[in-house]
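Just below is one structure, and these are the notes that go with it.
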Amino acid sequence: MSALGNKKVLLGITGGIAAYKAAELVRLLIKAGAEVRVVMTESAREFVQPLTYQALSGQPVYTDLFDKHADSAMDHIELARWCDLLLVAPASADFLAKLNAGYADNLLLTLCLASKKPLAVAPAMNQQMFANAATHDNLAALATRGVLIWGPAEGDQACGDIGPGRMLEPEQLLALIDEALAPGPLDGVALLLTAGPTREAIDPVRYLSNRSSGKMGFAVAAAAARAGARVTLISGPVALPTPAGVSRTDVESAREMHDAVMARVGDCDIFVACAAVSDYRIANVAGHKLKKDDAPPVLELELNPDILADVSALAQRPFCVGFAAETRDVEKYALDKLERKNLDLIAANFVGSAGRGFEADDNQLEVYWRGGHARIERGPKAAVAKRLIELIAERYTGRHLSTDSDD
Ligand code: PMT
């Protein structure tokens, strides 16, 4: 069944010959029951007249940032809030570069910056322009920020070239919009998540930490948001952009992470502990920078609070998911943590070799729950996180269904 009935799609059109295909997309969306508003850039208007989209959508077409007739239509902030999804199709190389750089010098770019709704782009350009490293870098950067990249397809181009760069067909874009707007398995669920390392001060300039980059936790946050969850991410110090639709709080030490989690856990349904939290902190933190001509310092360690164990011990506890980073006997230690920390599910990763686990772009997970196990095969952390979220959603929904039927 289509998810498009009464959904609001804002369609941005940039300059390219594929602008004529966008007219068919508008027609298909309207037929499927969606409301469509069209925004055109100046160069898009060189290819197709706004009147075409106005006739098909039954709505005025928006073209100017400073619309003199704004009282008869919505202003850009209203439009950005109005839609359920913003799709730019066709998206030219120039538009993608400006979007990546954060430009807001026309109405469509301004809307993209001002909207918190899912943003998708359907690139369309000459195959050589698509192959250019600048275009690739722009698309890769947009994807890490959660922008959905749909296409391009390969084939004959209007300029006579053959290769990748054709905009996807209207029917393909319709199917992708339908999928993006379909309710996710975690719709309406509040998910709290920790990610990254913690830092424990030794003196004002030095600290104790670990190799966690935050990539795995951020990928889980992005996948959960895509699955429809309201995601709150508590992150240790990392150099990563916040995934689209995720609300983020940065902390430094394990005690700060503990406080941030405890302040928010009452409002969450699922807690995922992906952070590599320092088990110990320095008891005798130096007030001033330690000098190497002083006697070598003796660092006294004391135990940090165990965030995950404290959450799972709460009387009103969320569904608790832990991670286990192991260098040997992965299954034995993971099952031990599942029991000892009273978890609903644990995702164990082998961190003893390069290429997966800490810092790497790939991972592989062994996921355990009471009475069950699933392996998530090695792959990019985004793909691994997507599968993990599916497993979490299955277990979480199953637990709730059985609790409901017990009542
Ligand atoms: O960040 P990346 O570079 O992408 O690497 C990802 C990762 C390897 C860090 C990640 O996949 C992972 O395994 N995270 C958990 C690492 C860890 O600290 O494991 P642990 O076995 O020490 O802890 C078990 C669980 O207790 C974890 O869920 C941890 O978040 C939690 N914990 C641990 C100690 C503590 N004081 N508080 C906690 O909440």
Side-chain angles (χ1 to χ4, degrees), residues 144 192-200 208-223 233-240 243 251-262 264-265 270-281 301-314 317-368 376 378-385 387-389 392:
T144 59
L192 180 66
L193 179 128
T194 63
T198 60
R199 284 180 185 170
E200 309 301 326
L208 195 69
S209 191
N210 59 63
R211 292 181 180 280
S212 172
S213 63
K215 287 179 194 170
M216 188 68 234
F218 276 55
V220 175
L233 169 64
I234 313 293
S235 176
V238 297
L240 295 174
V251 295
E252 200 157 298
S253 67
R255 281 191 292 182
E256 283 172 20
M257 189 174 272
H258 185 269
D259 291 350
V261 166
M262 289 304 168
R264 290 161 181 81
V265 73
I270 300 177
F271 176 60
V272 182
C274 189
V277 185
S278 265
D279 287 324
Y280 296 97
R281 64 176 177 271
L301 299 180
E302 60 189 3
L303 213 51
N304 266 327
D306 189 316
I307 304 167
L308 179 55
D310 285 356
V311 169
S312 81
L314 292 170
R317 74 194 268 288
F319 184 91
C320 289
V321 179
F323 268 72
E326 308 295 347
T327 53
R328 64 194 160 105
D329 296 332
V330 173
E331 178 171 358
K332 179 171 147 238
Y333 288 124
L335 289 175
D336 174 60
K337 277 178 191 154
L338 182 78
E339 285 310 320
R340 206 162 28 85
K341 298 201 184 192
N342 185 28
L343 307 179
D344 297 289
L345 188 138
I346 191 155
N349 38 201
F350 182 73
V351 292
S353 67
R356 58 182 164 142
F358 282 102
E359 293 176 307
D361 290 331
D362 281 6
N363 210 1
Q364 175 178 324
L365 295 176
E366 303 293 337
V367 185
Y368 300 95
I376 304 180
R378 181 171 171 165
K381 282 180 175 166
V384 171
R387 180 68 194 124
L388 178 63
I389 284 297
I392 291 174

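Residue indices begin at 1 and follow the sequence shown. Since the model is a prediction, treat every value here as computed from it, not as a measurement. Ligands are counted one by one from 1 in listed order, and the atoms in each one are counted from 1 as well.
- Using a distance-only test at 3.5 Å, with no hydrogens or angles considered, no donor-acceptor pair links the side chain of Gln364 to the main chain of Phe350.
- Side-chain atoms of Ser209 come within 3.5 Å of backbone atoms of Thr198 as a donor-acceptor pair (strictly under, hydrogens ignored).
- Scanning the protein for heavy atoms near atom 35 (C) of ligand 1, the closest one is Val277 CB, 3.5 Å.
- Within the 3.5 Å criterion, the main-chain N or O of Ala260 finds a donor-acceptor partner in the side chain of Arg264.
- Between atom 10 (C) of ligand 1 and the options Asn349, Leu303, Asp361, the minimum heavy-atom separation is to Asn349.
- Distances below 4.0 Å separate heavy atoms of Glu359 from the following atoms of ligand 1: 2 (P), 3 (O).
- Interface of Gly322 with ligand 1, defined as ligand atoms under 4.0 Å from a residue heavy atom, comprises 28 (O).
- Polar contact check, Thr194 against ligand 1: no nitrogen or oxygen pair lies under 3.5 Å apart.
- Ligand 1 has a nitrogen or oxygen under 3.5 angstrom from a nitrogen or oxygen of Ile307.
- Nearest residue to atom 14 (N) of ligand 1 from Ala360, Ala324, Ala325, Cys274 is Cys274 (criterion: closest heavy atom).
- The backbone N or O of Val351 lies less than 3.5 Å from no partner atom in the side chain of Asn349, so there is not a single donor-acceptor pair.
- For the ligand labelled ligand 1, residue Met257 lies outside the 4.0 Å heavy-atom shell.
- Surrounding CZ of Arg211 are at most 12 heavy atoms belonging to other residues, nucleotides or ligands under 6.0 Å away.
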Discussion item. Could you go through Asp344 and Val321, starting from their C-alpha distance and side-chain angles, then the distance that decides it, and tell me whether this counts as side-chain contact (heavy atoms from CB on, under 4.5 Å)?
Written reply: CA-CA 6 Å; Asp344 297 289; Val321 179; 5.8 Å; no

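- Set against the non-hydrogen atoms of Leu308, the atoms of ligand 1 under 4.0 Å away are 25 (C), 26 (O), 28 (O), 31 (C), 38 (C), 39 (O).
- Looking only at protein heavy atoms, the nearest one to atom 25 (C) of ligand 1 is Phe323 O, 3.1 Å.
- Using a distance-only test at 3.5 Å, with no hydrogens or angles considered, no donor-acceptor pair links the side chain of Ser312 to the main chain of Leu343.
- With a heavy-atom cut-off of 4.0 Å, Val238 does not touch ligand 1 at all.
- Nearest non-hydrogen protein atom to atom 30 (O) of ligand 1 is Ala275 O, 2.6 Å.
- Of all protein heavy atoms, the one lying nearest to atom 9 (C) of ligand 1 is Phe358 CE2, 3.6 Å.
- Contacts with ligand 1 closer than 4.0 Å are made by heavy atoms of both the backbone and the side chain of Lys215.
- With hydrogens and angles disregarded, a donor-acceptor distance shorter than 3.5 Å links the side chain of Lys381 to the backbone of Gly357.
- Among all non-hydrogen protein atoms, the one lying nearest atom 34 (C) of ligand 1 is Asp279 OD1, 3.5 Å.
- Of all the heavy atoms of Ala273, the ones lying under 4.0 Å from any atom of ligand 1 are found in both the backbone and the side chain.
- A donor-acceptor pair is defined here as one N or O able to donate and one able to accept, closer than 3.5 Å; no such pair exists between the side chain of Lys215 and the backbone of Leu240.
- Heavy-atom distances between Gly357 and ligand 1 reach below 4.0 Å in at least one pair.
- In terms of polar-atom proximity, Gly214 is counted as a contact of ligand 1, with an N or O under 3.5 Å from an N or O of the ligand.
- Side chain of Asn304 to main chain of Val277: no donor-acceptor pair is present (N/O by atom type, distance under 3.5 Å, no hydrogens or angles).
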Discussion item. Working note: Glu326 + Lys337, criterion side-chain contact (heavy atoms from CB on, under 4.5 Å); need CA distance, chi angles, decisive distance, verdict.
Written reply: CA-CA 11 Å; Glu326 308 295 347; Lys337 277 178 191 154; 2.7 Å; yes

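- The heavy atom nearest to atom 21 (O) of ligand 1, considering only Lys337, Arg281, Arg255, is found in Lys337.
- Applying the side chain to side chain donor-acceptor pair (under 3.5 Å) rule to Asp310 yields the partners His258; only residues at least two apart in sequence or on another chain are considered.
- Nearest protein heavy-atom neighbour of atom 26 (O) of ligand 1: Lys341 NZ, 2.9 Å.
- Residue, atom and distance of the protein heavy atom nearest to atom 2 (P) of ligand 1 are Ser213 OG, 3.4 Å.
- At the top of the distance list for atom 6 (C) of ligand 1, counting protein heavy atoms only, stands Met216 CB, 3.6 Å.
- Contact check on Glu302 versus Arg281 returns a salt bridge, with a Lys/Arg side-chain nitrogen under 4.0 Å from an Asp/Glu carboxylate oxygen.
- When each of Val251, Leu308, Thr194 is checked for a side chain to side chain contact (heavy atoms under 4.5 Å, CB included) with Val261, only Thr194 meets the rule.
- Under the 4.0 angstrom criterion for non-hydrogen atoms, Pro305 is in contact with ligand 1.
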